[in-house]
Every structure is written in C-alpha cells, then in structure tokens.
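Working notes, beginning with the structure itself.
In what follows, every chain begins at residue 1, and chains take the letters A, B, ... in the order their sequences are listed. Nothing here was measured: the structure is a model prediction, and the numbers come from that model.
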2 protein chains.
Amino acid sequence: MNSQAAVSVKRIADSTVRRLSAYLRFLEDFEGRGLMTISSEELAKRGGTTSAQVRKDLSFFGSFGKRGLGYSVPELAGRLREILGLGREWKIVIVGAGKIGAALAQYRGFRQRGFSILAAYDNNPEKIGRKLEDIPVRDIDQLERDIEREKPDIAVLTVPAEEAQSVVNRVVSVGVKAILNFAPTQLHAPADVTVKTVNMAMELEGLSFALTNRE
Amino acid sequence: MNSQAAVSVKRIADSTVRRLSAYLRFLEDFEGRGLMTISSEELAKRGGTTSAQVRKDLSFFGSFGKRGLGYSVPELAGRLREILGLGREWKIVIVGAGKIGAALAQYRGFRQRGFSILAAYDNNPEKIGRKLEDIPVRDIDQLERDIEREKPDIAVLTVPAEEAQSVVNRVVSVGVKAILNFAPTQLHAPADVTVKTVNMAMELEGLSFALTNRE
DNA sequence: TTTAACTTGTGAATGAATTCACAAGCCGCT
DNA sequence: AGCGGCTTGTGAATTCATTCACAAGTTAAA
C-alpha cells in the first residue's frame, strides 16, 4: 500500500550501497537528458560493473523493473532516493575549520543533495565568530550544548588526528549517530554509531603499492 | 638473500592493502613511543580487526614475526614501507586549483610520507602564475608538455565532474599510471592505470543509508 | 494470435575474503 | 634439559559477494 523503502531484511553490504549511490547519479544524468527508460545493461556499462550485479543490488530492495523493457528512469531514481534516505534533509556540523573544513563548508555538492551545514567548530579564537561562506564558525566549547539543541544527524571531522578520537567521544556522548572522518586515524565508536573515514594518505599508499607491485 | 618485498604471487585485495597502510601508521606510533615489539593481537585491537586477519595479511608477503614473541616494531615498519613502495619519492601533480586542490596542495601529510607535489594546474588566468604555499599554479595547456618532461607518477584530480574524464584521457596519453580522483564521477581508464576515487557525496549517502535503515 | 526479440528477477554455482584452529617455534624459569 | 605460557604462520572451514544461466514476463510486429 505505501511505498516505504523495503525493509532491509538482511544486512546490506557497503559495496552495494556505494553502487546504489553511483546508479542514482547516472539516473539523474539520464533524467536530465530526457531518457525515460534504461536497462540494467546500460546502467552497468556506465558504472563499470555487470548487469547481473545491478539487478542483484536492486533485488535486495524490491523489483522495480519491467521484463523486456528495463527500468523507468524517474521511478528508479525515486526508489533509490528513498532507499538511500535522501527524501529528507540531513543536518551536518563540521568540526575543525582548517583548510579542509573550509573547503568542505563551501562545497556545493552537500546542499544539492539535501545535506545542510548548520555550523563549523574550531578552538582558534581568530576563527571563532567569523563565517565560511555563510556558515558560522563557533567555539568548540559550545559543541555539546549546540548539538543537544540543534540535533544534527552527522558530524564531519576535519581536526588533527590527535584530537579526532576525543571529538568522536564528545559528539557520541550527545547522541550523534553518524560521523564522516577526514583525520588520518582509526576511530573507535559504539556499534550503533556509523563511522566512515576518508583517508588520503591511505589512498595514496594504495597507489604507491599498485605502482610498485605491477607485473 | 636480499630483502626485496616478496613477489606478489597472487593479486592482493584492495582491503588488504588498506589494512597494511593502517598497520604501518600504528607501528610508527608505537615506534615513537619506544615500543620494540608487538603482537598481531595488539595490532588488531588498534585497527579494529582480528589477529588472524593481521597475520593473514602479512603472510602474503613473507613471515616477519617470531613465534612466542610477536613482531619487531622497527623491522615490521620497514617491511611494510617496502611492500607499500614508500622507500622512494613519488612525484605528484594536482589538476584543478580550486578549494579542494588548494587544500590538498597545503596538506602536510603528503610530504611527510614521501609524496612531493610538483605543481598544480588550472585554466583560470587569475590563478595561473601564482603559488599555493610554495607550489606553482601553471596553465593547464602545459599539462602534457610538463608531464612528459617531469614524469610525475600520480595525478590528483580536483576538477569539476564534467572535466574529469577528459583530464584522465590527457594524463593517461602521456604515460601517467596512477590517478587519485576527487571529482564525483565514474572514470574510465585502461587496465594498466590505477584509479582511486574519493567521493564525498557517496560517503554521505552511505551515512544517510545507515541512519535510515537501522533496525 | 503467434512469434521474435528483449530484459528482468532470482536460485544455484562459483569465487573471494575472513575466521577458525592448531602444529610448530620461541622464551624464560626452574 | 624440560616445562609452561605465548604467539606465529597457515591449511581448512566458513561466510560473504559476484557471476551464471534461465524461466517468466513484456512489447511490437506480422
């Protein structure tokens, strides 16, 4: 009767979610070009995967296609938005107003996809009270108080590695359940808190390894 | 007889390489604190994995530990540096001198780990000729010429999504074999070119999914 | 209607990564 | 020299992810 994203019966692999996110981007591109329908094969080619993979990924959540025809572009896009939880606005705080924090604060992609940045936090008195684009930089001492009042969904960490764990502890203590970490360090958090880490050093070392160990 | 990083007989999984990179970071931390020896169990606890995983990861490259004792911290760190190809200097060019490109150009972590940034490239006349910290911003028209002369190992892409594929084609055409991509788009490159993509939108959507589908 | 050309959705088969579990080796103590 | 406590290295077992392969459904055209 209602069109809730299907219940996630079994745990969905991270790799699957990343691909869904990629499919949605392609669909939006196709949508923009007025295409009404698309096959798993075309979606696969665009995303560097296989059509079976595309169909399997979608099958975890329901069956959205028409045999012989493919998928309705707008419908599938809508379903993916539902599945990924993009139907609503997510509130973000950025902790750390250094170079990377500032670059993120100005990144257009966030707003476009329904992520709205409430504020950035720093401990540098020079920065506190100023604005990044139109995002206020606040004193990190207010962090817990503000989080309890404004209830952001996601904390983005762009503090030095040494401070990252302590910031995790602080935001977790006031109820934040999702963290995007840019500090090059392993973080520990309770099981009900999702942490994703973007680690440039690690990516570069992956490239270094690939360049070194080629046959 | 000689201590080359062991030949990579079978293909090593990406996840393994990422963990090796993490282990190295922990070892450097332990090294700094004067610890001489460490067990797979301690390494695992620090990295949020299991001791069997740590031992298996290392076993692909040789056997570096002493039964009953563990691993020599400095020796294992050295071996990991070898394996990851960090014994030498890697030369990088950044393509795109926007906010993110600029933040990366100033990121200390690169130099610390032996990655040296030769130059950044942009098509904006306002930026060309200036410097980011001490890194020159050059005209993107010179890209191929400069690459052929200076032979960078890695190209870091911080251009808009629409331009990313064309930059890939250009750098690949003059011999670049490793690309770190920050544009939120799927890139296609020949099999002998390694491409790693850091996609913030995708990470955020992963968090959105996790927040939405919790039981 | 029937047929031909497509394409989905999904069990079953395969392949890949992780975990188990234990023999083998090392150290220090007696 | 022998014993007890530890810890590695690794085949075997298990779990997880991807690919195969095909029945079933859809469309369009004759």
The nucleotide from D:dT18, D:dT10, D:dT8 with an atom nearest the side chain of B:Ser59 is D:dT10
Rounded to whole Å, CG of B:Leu69 lies from C1' of C:dC27 at a distance of 7 Å
Against the side chain of A:Lys56, the closest entry in C:dT18, D:dA17, C:dG11 is C:dG11
B:Glu41 CD to C:dC20 P, in whole Å, measures 12 Å
When rounded to whole Å, the CZ to C1' distance for the pair B:Phe61 and D:dT8 reads 18 Å
- Query: For A:Ser51, which contact category applies under a 4.0 Å heavy-atom criterion: base, sugar-phosphate, or nothing?
  - Reply: nothing
Regarding the side chain of B:Ser40, the nearest nucleotide among C:dT8, D:dT8, C:dT18 is D:dT8
Assess, by modelled atom type and distance only, whether the side chains of A:Asn199 and A:Glu203 contain a donor and an acceptor separated by less than 3.5 Å. no
Among the nucleotides D:dT7, D:dG9, D:dT18, whichever has the atom closest to the side chain of A:Arg19 is D:dT18
Atom CZ of A:Arg55 and atom P of D:dT19 are separated, to the nearest Å, by 12 Å
Of the candidates D:dC20, C:dA21, C:dG9, the side chain of B:Ala52 sits closest to C:dA21
Rounded to whole Å, CZ of B:Phe64 lies from C1' of D:dG9 at a distance of 12 Å
*Within less than 4.0 Å of OP1 or OP2 of C:dG9, is there a side-chain N or O belonging to A:Ser63?*
yes
Taking D:dT18, C:dA17, C:dT7 as options, the one with an atom nearest any side-chain atom of B:Ala13 is C:dA17
Side-chain contact test, heavy atoms from C-beta onward, threshold under 4.5 Å: evaluate it for A:Arg113 versus A:Arg25 and give yes or no.
yes
Atom CD1 of B:Ile38 and atom P of D:dT7 are separated, to the nearest Å, by 11 Å
Rounded to whole Å, CZ of B:Arg11 lies from C1' of D:dT18 at a distance of 14 Å
B:Arg55 and B:Ser51 side chains, donor-acceptor separation under 3.5 Å:
yes
Between CG of B:Asp57 and C1' of C:dA17 the distance, given in whole Å, is 10 Å
Have B:Glu42 and B:Ser39 got a donor and an acceptor in their side chains that come within less than 3.5 Å?
yes
5'-most contact on DNA chain D (nearest-nucleotide basis), A:Lys66 vs A:Gln53, goes to A:Gln53
Practice prompt. Would you classify B:Thr49 as touching base, sugar-phosphate or nothing, given that sugar-phosphate means primed atoms plus P, OP1 and OP2, and contacts are heavy atoms under 4.0 Å?
Written response: nothing
For this session: Please check the phosphate of D:dT26 (OP1 and OP2 only) for any side-chain N or O of A:Tyr71 closer than 4.0 Å.
Result: no
If we only count heavy atoms from C-beta on, is the B:Leu104 to B:Phe110 side-chain gap below 4.5 Å?
-> yes
Item to complete: Classify the side chain of A:Arg67 and the base of C:dT7 as holding, or not holding, a donor-acceptor pair under 3.5 Å.
Response: no
